[in-house]
Trainee: 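I am attaching a structure below and will ask some questions about it afterwards.
A, B, ... follow the sequence lines: proteins, then strands. Residue 1 opens every chain.
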There are 2 protein chains.
Amino acid sequence: MARTSEPESPPAPAIRQSSAAAHGSSSPTIYDVARAAGVAASTVSRAFSRPGRVNAATAERIRQIAADMGYRTNPMARALLTGKTSMIALLISDITNPYYFEIIRGAQAAAAEAGFTMLLADAQESDRLERQALDRAIPTVEGIVLTSTRMSDSAIRMAAKQRPTVVLNRALADIPSVATDHRYGMFQAVDHLSALGHDHFTYLAGPQAAWADGIRWTSLREVAEQRGFRVHRIGPYAPTVEGGVAAVEDFRQRPTSAVIAYNDLVALGFLRGMAAVGARVPADVSVIGFDNIFGTDLVTPGLTTVAAPLRTLGLTAVRNLLALIDGAHATAREPVMLPSKLVIRQSTARRSRRRTAPEWATVKTSASWRGN
Amino acid sequence: MARTSEPESPPAPAIRQSSAAAHGSSSPTIYDVARAAGVAASTVSRAFSRPGRVNAATAERIRQIAADMGYRTNPMARALLTGKTSMIALLISDITNPYYFEIIRGAQAAAAEAGFTMLLADAQESDRLERQALDRAIPTVEGIVLTSTRMSDSAIRMAAKQRPTVVLNRALADIPSVATDHRYGMFQAVDHLSALGHDHFTYLAGPQAAWADGIRWTSLREVAEQRGFRVHRIGPYAPTVEGGVAAVEDFRQRPTSAVIAYNDLVALGFLRGMAAVGARVPADVSVIGFDNIFGTDLVTPGLTTVAAPLRTLGLTAVRNLLALIDGAHATAREPVMLPSKLVIRQSTARRSRRRTAPEWATVKTSASWRGN
DNA sequence: ATGAAAGCGCTAACAA
DNA sequence: TTGTTAGCGCTTTCAT
């Protein structure tokens, strides 16, 4: 019955064998270390999990011996008992979107600095895959970050009931969340454009389902009303380069001197589509995007954009999650709002006082253009 | 002693309590299901882990009851005994490099389709962080994919000894690896350029340590020798946009009509730097990159590039890894080489037969230019 | 400060 | 086909 198998006790357990058959030979356990150190297994355990509860000298000796034997505590065994896996999950709606790169890095860095490991699941823009990934991750992780999730509020709350959860890019009552301050961002965009003489804006809308799209459009209307600007919205378009290209056709029918795109991907596509029809940016029209993703400074003209604090977003989400896991009972009910920052490049310029509609406009005598 | 605690046995275990104190109430175990179904725990276990070994009818009944109770098998308990965690680790040297986006997605998709979960670790270009992440991941995962690792061959072999390992973007004897066929890619690049009349190439070198850089340069020299072209190499440059910008200064001192960059990031930076000094691409010089990352089709001129099969790379690496985990004893000793594909855009054009060195050249009577 | 022993949830012999 | 039982490696009372 004694676990410390004395040499004289004859029948060795049968299962031991199989574990050694795995890749590489089986690694030493606390029992091996205990035997070598001449102490009980529990002492070894304590030496690692709660130093201070054991004599400093013996603790040191145990550590030494353990190191020599190449002992490493088995995370599975620990987790089975305590539930502490030191893992968190990051769910992303679409990994290929450059928007997430820096977020992922920030999240990873925050996890690593706390000794946590990060599980990454890509929902591939599918609701089904997202929930499946979530289900799969829940039992193994201590916490979850949901990024731009497509799940319903109730599904999110369901998840949050099972594990500490932080939501990125969405505000949700009672669920800790962190997001960019899109309203402030829109104000920055409009301020910039209006300083350049623009007073009529076209908004290239993103997907209806996107939380950020709602806020951006609402904020745009709010500023417009405040300052007496005119705005209109076309779309929705897919939040991709292709979506932006597609927007050009609609825009030509009712051009304005300034365009605010749902995000950089759309703005980039729009820039490209406009060039294809012979429109000049920023001479004919100024274009501004959101996020400041990779590539916005490489295109011609460079895209003026409202930069989201990408890395900080990931960092903050994970740090907050870790605090939650540590038992910090979500203090702030409000989402943590991180400020954006305007990055001015070459796609925006002073409004030209042209009298006629541009050649590329589909409607030659555009009322909106004249009215502008 | 009996695990199925009969109501009459008085002292309930003390520890049970704590697990219920966690987030949400403790979930049902096989014992709970067994009791509800009136069978032994092992039968429940079998019903899940090896259906067929149990009466179809009872199996179905058990499943039903389990589902009703919301039973989910605890991966930690299973793993503790069997070592099967259904997790793999993907180590990446630098997540922010757009090169990896599609690779990650491919890897993720392959893992998900096999019911595996993927752990993502970003080495942040640091050898130390990479090994640390590896150490942390090894005990929990069943296999590892090392992408563009900075670790030494011996460190890689060390890892491979502990867990099935597949290396991406590096050839290593005895370790399964998958990579793009860079040699073939370089031939495609040179073929394209030579068809446009170019016969003298400047290679913008990447980091010495980069495996791909060695192959690309060697292959370039090989083709050049075969066909009687002239080549020279400048650098090394950081494999980033900044690196490409930096290359311009050197290039101006000894310009050629065609430039082959280590990768797209460098090519993109070069394009931008050249524009800044007033050089025209492709009129003055043709530029070609490698990989076909995000953004190469958005810049002006669009970058001609040798496209790597990014998603397939990730997919293949993980599929091979899973096969390895399943016991497939690495058949092919050779790395799996995936073919690249030339994507022709606007940064390459027919060589102009100019007699004088271009204005932006630092050396006005460039021997190399004349010789061209 | 340390040791003994029970038990986390599951799987695998072995027996029936 | 099903049940009994031991044990994976670790943590945690409870004694000492």
Trainee: Could you list the residues that satisfy side-chain contact (heavy atoms from CB on, under 4.5 Å) with B:M158, not counting sequence neighbours?
Mentor: none
Trainee: Can you list everything that forms a salt bridge (Lys or Arg N to Asp or Glu O under 4.0 Å) with A:R131? Sequence neighbours excluded, please.
Mentor: none
Trainee: In whole angstroms, how far is the P atom of C:dT11 from the OH atom of B:Y31?
Mentor: 11 Å
Trainee: Which residue pairs satisfy the ring pair (Phe, Tyr, Trp, His ring centres under 6.0 Å) criterion with at least one member in residues 58-82 of chain A, sequence neighbours excluded?
Mentor: A:F48-A:Y71
Trainee: Rounding to a whole Å, what distance do you find between A:L80:CG and C:dA6:C1'?
Mentor: 14 Å
Trainee: May I ask you to list the residues of residues 48-64 of chain A, by number, that have any heavy atom positioned under 4.0 Å from an atom of DNA chain C?
Mentor: A:R53, A:V54, A:N55, A:T58
Trainee: Per the end-axis method with five pairs at each terminus, what is the bend angle of the helix from C:dA1-D:dT16 to C:dA16-D:dT1, to 10°?
Mentor: 30°
Trainee: Salt bridge (Lys or Arg N to Asp or Glu O under 4.0 Å) with A:R136: which residues, sequence neighbours excluded?
Mentor: none
Trainee: Under the side-chain hydrogen bond (donor to acceptor under 3.5 Å, both in side chains) test, which residues partner A:E142, sequence neighbours left out?
Mentor: none
Trainee: For B:R157, give me all partners under side-chain contact (heavy atoms from CB on, under 4.5 Å), at least two apart in sequence or on another chain.
Mentor: B:D153, B:L172, B:D174, B:I175
Trainee: Let me know the distance between CG of B:L81 and P of D:dC8, rounded to the nearest Å.
Mentor: 9 Å
Trainee: Heavy-atom contacts under 4.0 Å between residues 65-76 of chain A and DNA chain D, which residues?
Mentor: A:Y71, A:R72, A:T73, A:N74
Trainee: Apply side-chain hydrogen bond (donor to acceptor under 3.5 Å, both in side chains) to A:D94 and list each qualifying residue two or more places apart in sequence or on a separate chain.
Mentor: A:T96, B:R105
Trainee: Set out, in order, the CA-CA distance, both residues' side-chain angles and the distance that settles side chain to side chain donor-acceptor pair (under 3.5 Å) for A:T149 and A:E130, then state yes or no.
Mentor: CA-CA 8 Å; A:T149 179; A:E130 185 167 7; 2.5 Å; yes
Trainee: Can you tell me the distance, in whole Å, between the CZ atom of A:R46 and the C1' atom of D:dT16?
Mentor: 12 Å
Trainee: Which nucleotide, C:dG3, C:dC8, D:dG3, lies nearest any side-chain atom of A:A40?
Mentor: C:dG3
Trainee: Please work out if B:S45 contacts a base, only the sugar-phosphate, or nothing of the nucleic acid, heavy-atom cut-off 4.0 Å.
Mentor: base
Trainee: Whether the side chain of B:S42 and the base of D:dT4 hold a donor-acceptor pair under 3.5 Å is what I'd like checked.
Mentor: yes
Trainee: With sequence neighbours excluded, tell me which residues meet salt bridge (Lys or Arg N to Asp or Glu O under 4.0 Å) with B:E60.
Mentor: none
Trainee: Let me know the distance between CD1 of A:I30 and C1' of D:dC8, rounded to the nearest Å.
Mentor: 12 Å
Trainee: Measuring from the side chain of B:T43 (C-beta onward, heavy atoms only), which nucleotide among D:dG9, D:dT2, D:dT11 has the closest atom?
Mentor: D:dT2
Trainee: With side chain to side chain donor-acceptor pair (under 3.5 Å) as the rule and sequence neighbours excluded, what pairs involving residues 318-327 of chain A come up?
Mentor: A:E113-A:R319
Trainee: Which heavy-atom pair separates B:S86 from B:G115 by the least distance, and what is that distance?
Mentor: CB-O, 4.0 Å
